K.L.:
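Quick one: the structure is below, questions incoming.
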2 protein chains.
Amino acid sequence: MQIPLTTPVRCSQCPIRHRAVCAKCDEDELALLESMKTYRRFEAGDTVLWRGEELEYVASVVEGVAALSKTMEDGRTQMVGLLLPSDFIGRPGRREIEFDVTATTDLTLCCFKRAPFEALVEETPHVAQRLMELALDELDAARDWMLLLGRKTAREKIATFIEMLVRRAHFDGTQGIRQDLPMTRDQIANYLGLTLETVSRQLNALKKEGVLAFPDRRHFEVLDLAALQDATGDDADGGMIS
Amino acid sequence: MQIPLTTPVRCSQCPIRHRAVCAKCDEDELALLESMKTYRRFEAGDTVLWRGEELEYVASVVEGVAALSKTMEDGRTQMVGLLLPSDFIGRPGRREIEFDVTATTDLTLCCFKRAPFEALVEETPHVAQRLMELALDELDAARDWMLLLGRKTAREKIATFIEMLVRRAHFDGTQGIRQDLPMTRDQIANYLGLTLETVSRQLNALKKEGVLAFPDRRHFEVLDLAALQDATGDDADGGMIS
DNA sequence: CGGGCTTTTGACGCCGCTCAAAGATAGTGG
DNA sequence: CCACTATCTTTGAGCGGCGTCAAAAGCCCG
């Protein structure tokens, strides 16, 4: 299941150096983290952690995408978080988590043993502060997501999802650029509170309208960004006064 | 309905002393907070803060219930947080919030000016730690809520909501006890991602089945707790091994 | 080329939304 | 104390979006 450890890059050259839990650390603090860390790799589809399992490690996502999801007895599943590079897994003061963590793409984690990391958090306010910022950012994201799940139509959900991918890939405003679609239709459905059939139908509707194109199942292009943003149901200019 | 507090009580006798942002503070820290705080009262229905408004204060809920909600251009509204006594409004490092805060019942807040409070957070790790715990608890609640919004049926949503009220009122296991229903049907609908008609129909269905009773519109009794928990769709015993 | 996946497409039905109107309830002023 | 009004709630009828079920089509990798 788990692929052999790869060798950690040096923190100072880490791609998530300026955004992860270590973002505010000075040289000394970084050296401490450096000595504690190990890398772990997972393949797309692997389960990283099971709900209720005791947390041995906490970790930052270095590369790839991980999903947090909850499942009901009868199998209904809802994703409750999407972790991208620099996002953090685990929380100080809790021995376990109440959702599953799975790799949706190939995934590299920068892991710290939980106990020593928690001790470190107590002593280095820079880490604690950053951890708090990350938690609050996730809370903001969760709230946007709740609006989507509770009130948006299938079409709006899909458009919002695609637009988020575009925005997060930092391709703002660019059109016609081939982009990564890091999940299967089924995973997208579990992300958006839909069925995979509805996801497929809505994506193809946007394709038929000339808004999106799909070079293959794992990539897409935005042909008409304005139409896409229109379809999200969100305020067009993000609340700016026009 | 309770008579809201108008003049601040002493921190040492505060009803939320052991759960709010000040929970971990020692005597000295408490004295500092005591000197900074002012109370504010709102009536049911009042708006406490508008989305985008600059935050002058941060605050703890002392008494009553406040709701965080997001509204789309066409009027669709979704609650994204429910604040009960000891919950915190505002976040360090942000000048504004991106949802409305309204009082769903009469409400008493313990307010701190934002700038001095933020300075305090920097210096007193006890406050920062507690703030973090509160944020992470809210994140957990938001994730449960996302499962509800994305995957549960109307009946399950209603049952989950009522069961949550029962649990939070610390009436575990007791049946037939008159309890407060702190929101209108319309607010419940916005909480659960439903329409008010569906809320009404589902509540009356549970009444017809003898699961609930409604002495008046602002109160309810649980007549059959087992049936209620059955209807939530959640694992009956909370994941315990039986 | 064949087997196992993911995705697409179609037919159909139901849950929850919409629209509409009547029924409670509470608050207000005469 | 009783209209009168505003607000909240209930109830009904009808419809449509999305889920369900089913099957075919496309894609990947041996």
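Keep in mind it's a predicted model, so treat the numbers as computed, not measured. Throughout, protein chains are lettered first and strands after them, A, B, ... in sequence-line order, and every chain is numbered starting at 1.
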K.L.:
Shortest non-hydrogen contact from A:Lys157 to A:Leu192?
P.N.:
NZ-O, 3.0 Å
K.L.:
Base of C:dT7, side chain of A:Arg217 - is there a donor-acceptor contact under 3.5 Å?
P.N.:
no
K.L.:
Give, for atom CZ of B:Arg19 and atom CG of B:Leu134, the distance between the pair rounded to the nearest 0.5 Å.
P.N.:
10.5 Å
K.L.:
In whole Å, I'd like the distance from the CD atom of A:Gln187 to the P atom of C:dT6.
P.N.:
9 Å
K.L.:
Using whole Å, report how far CG of B:Leu181 lies from C1' of D:dC8.
P.N.:
13 Å
K.L.:
Hey, is CD on A:Glu63 packed in by over 12 heavy atoms from elsewhere, all under 6.0 Å?
P.N.:
no
K.L.:
For side-chain contact (heavy atoms from CB on, under 4.5 Å), just list the numbers for B:Ile97 and B:Leu55, CA-CA rounded to whole Å, side-chain angles, deciding distance to a tenth of an Å, and then say yes or no.
P.N.:
CA-CA 8 Å; B:Ile97 50 180; B:Leu55 282 182; 4.0 Å; yes
K.L.:
Compare every heavy atom of A:Ile188 with every heavy atom of A:Ile158, then report the nearest pair and how far apart it is.
P.N.:
CD1-CG2, 4.5 Å
K.L.:
Is atom CZ of B:Arg95 surrounded by more than 12 heavy atoms (other residues, nucleotides or ligands) closer than 6.0 Å?
P.N.:
no
K.L.:
Round to a whole Å and report the spacing from CZ of A:Phe220 to P of C:dT7.
P.N.:
15 Å
K.L.:
Quick one, which residues of residues 196-216 of chain A touch DNA chain D with a heavy atom under 4.0 Å?
P.N.:
A:Glu197, A:Thr198, A:Arg201
K.L.:
With a 4.0 Å cut-off on heavy atoms, is B:Gly193 in touch with a base, just the backbone sugar-phosphate, or nothing at all?
P.N.:
sugar-phosphate
K.L.:
Can you measure B:Asp74 atom CG to C:dC17 atom P for me and round it to whole angstrom units?
P.N.:
15 Å
K.L.:
If I take atom NE2 in residue A:His219 and atom P in nucleotide C:dT7, what distance separates them, rounded to the nearest angstrom?
P.N.:
14 Å
K.L.:
Measure from CZ on B:Arg151 to P on C:dC15 and round the result to the nearest Å.
P.N.:
17 Å
K.L.:
Reading DNA chain C from 5' onward, which residue's closest nucleotide shows up sooner: A:Asp186 or B:Leu194?
P.N.:
A:Asp186
K.L.:
Can you pull out every ring-ring contact (aromatic ring centres under 6.0 Å, His included) where at least one residue sits in residues 49-82 of chain A? Sequence neighbours excluded, please.
P.N.:
none
K.L.:
Below the 4.0 Å mark, does D:dC8 have OP1 or OP2 next to a side-chain nitrogen or oxygen of B:Arg185?
P.N.:
no
K.L.:
Take the protein atom NZ of A:Lys152 and the nucleotide atom P of D:dC18, then report the distance between them rounded to whole Å.
P.N.:
14 Å
K.L.:
Which whole-number value in Å describes the distance from A:Arg155 CZ to D:dC18 P?
P.N.:
11 Å
